Each structure stands twice: as structure tokens, then as C-alpha cells.
Amino acid sequence: MIRRISPLNRRRLENFRRNRRGYWSFWIFSVLFVVSLFAEFVANDRPILVRFDGGWYVPVLVSYPETTFGGDFETEAAYRDPFIQELINEKGFMVWPLIRYSYRTINLNLPVPAPAPPSAENWLGTDDQGRDVVARLIYGFRISVLFGLVLTLVSSVIGIMAGAVQGYFGGWIDLAFQRFIEIWSGLPVLFLLIILASVITPNFWWLLGIMLLFSWMSLVGVVRAEFLRARNFDYVRAARALGVGDGAIMFRHLLPNAMVATLTFMPFILSGSITTLTSLDFLGFGLPVGSPSLGELLAQGKSNVQAPWLGLTAFMSLAVMLSLLIFVGEAVRDAFDPRKTFR
């Protein structure tokens, strides 16, 4: 049997819906994110589907050698090559994505030196290496959001656990944790990243681990305050008197109250995580060279002032993405605020 929504959650959902700006921002951001998850089917230099000599092939998912389509080499087929296209079209057809470029595809037929301005072939132009800006924008959006989501979720779990332990037990445990957080938060994160980047080649998971070492502290104070406030409530004392363990009290009775404040902060933490990755990529200490990145696109706009479409594209994409997240965060905050009502 499907569990019915409680009146409290129904009121929260209704408050979220009545915040029209946040409600529509949530759906717009969700659509953009879902589309970016299937970036290979939207922007790719390989066809989605190939019909050749009575057989069906899916190059977007599987790599096929050139000999499969009547070529001469065992290497992967270059589907943008006119020779390969002619071979396939003689005995079948190809279904291309909406954008026939991947984030690493270089347009070798530009009419002007790169970076080329927007055209019918490259809707937002190309960067200084001849790569399509729209394709790099789609892939960069996906990496940025996935990085922010993973970092937000993992750091939130660690921060909630640390804040719960501090607030529930208090005393010397709380004091020692607070002194540790004060020292740890004072470390220069950027300098550490610069030093480590000179020793280790950064990648997605390496950056995630480094940022996780410092981002978990964002929710500790909120959760700690909630546990400190509620640990001496009557229902908590009654649970202790009945012999309920500390772990059950913390995560069954106190954590739901702390999660209300936590959920209101998470969209803002997500936007901060995306901004951090963008900043590192802009400074050259982020993802590996050649990776699709909004920060790298910003850096190209700074280096190529004669190509304003690079800087404007990066700025507008970041502005829209972060604005949508802020609007969603405001709607979530209003939904969980018991004093907030909409008429």
C-alpha cells in the first residue's frame, strides 16, 4: 500500500509549488540536467544509429573498425570522413545527433582561423582550438553538476554525522571537535591545491577528494545547534529512560528535526560546489587539460578578447545555472519555514 503524504509534508509541497519562481526553476534545471546526462546522444561526432548492408550498428555506444563498413583499416571508423560517409550511404544510412561534434572534436574546415564566430555549423562558434562551443558547454554542464551533486551529498553526510555527534554528546567531545574545526577551516585550501597539482595530475575524483576534506564543515554548525537544542527535550529523556540506545535516539528522534534545516541549505551548497570547480578550472588547477569545463571556457574568453562569444557563453551559462539553483534554494527554504504562508 502506498503511504499517504502527511499533512505537514503536503503543506510544504504546496508552499514549494506556490513559489512560482523556485518551482519553475526546479523544472527548468531538471530538464537541462537530464538532457546533459544524455550528452552523447545530443552532441557527438559519431552517429546514433547506422544501417549498413542489412545490419544495425550503434556507434554512439560501441566502437566499430573501419573495415566493418568496407574501409581499409582496423582502427575505429571516422564517421565525419567523407570517404566513410560515402561507403555507408551506398548501402544504408546514418542517424546523426542534433550536434555533430563532441567536446573534443576539432572542426578542420573552418572558413576563418580559430576561434571562429557563431555560424550555422557551429551555433556558438568555436574555441581557440577549433572545438565546438555548444558541445563543450553541454558536456561541461554535466561534469559541473555531477561534481557538485556528489560533493554536496558526500560532504553533507559527513557534516551531519559530525554535527550530530557534537551536539548530542556535548562536553569535551564538542569542545575538541570545535577546536579541530577552527584549525582545519583555517588551512589555505587554494595553496594546498596548487602544491598538490604540481605533484599529482588532477582529475575528477582527485579534486572531489581534496574538496571533500574541507567542504564537510558547511553543515556541522547547523546540525550541531539542532542537536544541542533538542537533546534535553522530554521525549528524548523518555527514550533514554526506556533504554533506547544513543544511536537510535540520534538518528530516529533527533535527526529528522535537523534535516529540515539541512535540506534548506543543500541547494546553496550545490551552487557553491559548482562555483569552486569552475574557479579551479579557470585558474588551471582543476580538471585535466582538454576536459570540457565552464571554467576553462571562461579562461578562453579571457585570453581571446577578440572572440566575445566565448566569454559571453560561459558567463550566461553560469549565471543561468546558479540563478536557477538559488531560486530553488529559496523555494525549499520557504517550503520548510513554518512561518511562511502564501495566499
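All of these numbers come straight from a predicted model, not from anything done at the bench.
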Would F227 and Y168 count as a close aromatic pair, with their ring centres under 6.0 Å?
no
Closest non-hydrogen contact found for R237 with N232 is NE-O, 3.4 Å
In this structure, CG of D72 is separated from CG of L87 (nearest 0.5 Å) by 8.5 Å
Determine whether E330 and I326 make a side-chain contact, defined as any pair of heavy atoms from C-beta on separated by less than 4.5 Å.
yes
L325 vs P267 side-chain heavy atoms within contact, under 4.5 Å = no
Exercise for the section: Establish, from distance only, whether the side-chain atoms of Q300 and E296 form a donor-acceptor pair under 3.5 Å. Expected result: yes
If you count the non-hydrogen atoms of other residues, nucleotides and ligands that lie under 6.0 Å from CZ in F233, is the total more than 12? yes
Notebook entry, point to check: Under a single-linkage definition using a 4.5 Å side-chain heavy-atom cutoff for Ile, Leu, Val, Met, Phe, Trp and Tyr, are V145 and F38 assigned to the same hydrophobic cluster?
Noted result: yes
- Query: Hey, is CH2 on W172 packed in by over 12 heavy atoms from elsewhere, all under 6.0 Å?
  - Reply: no
To the nearest 0.5 Å, atom OG1 of T126 lies from atom CD1 of I106 at 10.0 Å
Checklist entry - Is atom CE of M94 surrounded by more than 12 heavy atoms (other residues, nucleotides or ligands) closer than 6.0 Å? => result yes
**Prompt:** Does a side chain donor of either N107 or Y101 reach within less than 3.5 Å of an acceptor in the other side chain?
**Reply:** yes
> Is there a chain of hydrophobic side chains (I, L, V, M, F, W, Y, each step under 4.5 Å between heavy atoms) that links W96 to V62?
Replying inline: yes
ask   = So, are E182 and R179 salt-bridged, with charged N and O less than 4.0 Å apart?
value = yes
Atom CZ of F265 with >12 non-hydrogen neighbours under 6.0 angstrom
no
Rounding to 0.5 Å, atoms CD (E121) and CG (L110) come to a distance of 9.0 Å
Scanning both residues in full, the closest heavy-atom pair of G130 with A114 reads N-CB, 3.7 Å
Between W309 and A116, the two heavy atoms sitting closest are CZ2-O, 3.2 Å
Here the gap from M250 atom CE to L255 atom CG, rounded to the nearest 0.5 Å, amounts to 8.5 Å
query: Is D45 close to S102 at the side-chain level, that is, under 4.5 Å between some pair of heavy atoms?
result: yes
Problem - Mutual orientation of the aromatic rings belonging to W184 and F214 [parallel < 30°, tilted 30-60°, perpendicular > 60°] - result: parallel
- Could you tell me whether the side chain of T276 reaches within less than 4.5 Å of the side chain of F147, counting heavy atoms only? no
- Message: Quick check against the 3.5 Å criterion: does S119 have a side-chain atom that pairs as donor or acceptor with the backbone of N122?
- Response: yes
Side chains of V50 and W56: closer than 4.5 Å at any heavy-atom pair? no
Please determine whether residues F268 and L263 belong to a single hydrophobic cluster, defined as Ile, Leu, Val, Met, Phe, Trp and Tyr linked transitively by side-chain heavy-atom distances below 4.5 Å. no
Would you say the side-chain atoms of N15 and D334 include a donor-acceptor pair closer than 3.5 Å? no
Rounded to the nearest 0.5 angstrom, the CE-OG distance for M321 and S25 is 13.5 Å
Q. Looking at E76 and R46, does any basic side-chain N land under 4.0 Å from a carboxylate oxygen?
A. yes
> Is there side-chain contact between L318 and L298, with heavy atoms separated by less than 4.5 Å?
Replying inline: yes
* Asked: Looking at R18 and E14, does any basic side-chain N land under 4.0 Å from a carboxylate oxygen?
  -> yes
Heavy atoms, side chains only, cut-off 4.5 Å: are D174 and F169 in contact? no
Heavy-atom donor-acceptor pair, N304 side chain to A307 backbone, under 3.5 Å = no
Across all chains, not counting sequence neighbours, the side-chain hydrogen bond (donor to acceptor under 3.5 Å, both in side chains) partners of R229 are E226
With under 30° as parallel and over 60° as perpendicular, where do the rings of W27 and Y23 fit, or are they tilted in between? perpendicular
Between G148 and L270, the two heavy atoms sitting closest are C-CD1, 3.2 Å
ask   = Just wondering, more than 12 heavy atoms not from R20 lying within 6.0 Å of its CZ?
value = yes
Is the NZ or CZ atom of R21 both under 6.0 Å from the centre of the six-membered ring of F327 and within 45° of that ring's axis? yes
- Could you walk me through whether D127 and L310 pass side chain to side chain contact (heavy atoms under 4.5 Å, CB included), step by step? CA-CA 7 Å; D127 61 8; L310 296 176; 4.3 Å; yes
N/O donor-acceptor pair under 3.5 Å between Q85 side chain and Y79 backbone: yes
_Candidate pair K91 and E86, rule salt bridge (Lys or Arg N to Asp or Glu O under 4.0 Å), full reasoning_ = CA-CA 9 Å; K91 298 182 179 181; E86 183 179 353; over 6 Å; no
**Prompt:** Any idea how Y64 and Y57 line up, ring-wise: parallel (<30°), tilted (30 to 60°), or perpendicular (>60°)?
**Reply:** perpendicular
Mind running side chain to side chain contact (heavy atoms under 4.5 Å, CB included) on S215 and L212 for me, showing each step along the way? CA-CA 5 Å; S215 63; L212 184 60; 4.2 Å; yes
Between the CZ atom in R136 and the OG atom in S317, the distance rounded to the nearest 0.5 Å is 12.5 Å
Quick one: does F41's side chain get under 4.5 Å of L61's, heavy atoms only?
-> yes
>> Is it the case that the side chain of S291 and the backbone of L287 share a donor-acceptor pair, with hydrogens and angles ignored and the cut-off at 3.5 Å?
In response: no
Margin query: Atom CZ of residue position F251 - does it have more than 12 heavy atoms of other residues, nucleotides or ligands inside 6.0 Å?
Written below: yes
| field | D132/W123 under side chain to side chain contact (heavy atoms under 4.5 Å, CB included): CA gap, chis, key distance, verdict | value | CA-CA 8 Å; D132 187 73; W123 298 345; 5.9 Å; no
- prompt: What's the verdict on side chain to side chain contact (heavy atoms under 4.5 Å, CB included) for S293 and I143, showing C-alpha distance, side-chain angles and the deciding distance?
  reply: CA-CA 7 Å; S293 167; I143 288 181; over 6 Å; no
Side-chain (T68) to main-chain (P65) donor-acceptor, under 3.5 angstrom: yes
Shortest non-hydrogen pair, F16 vs G22, comes out as CZ-O, 4.3 Å
Of all heavy-atom pairs linking A335 and R12, the shortest is O-CG, 3.1 Å
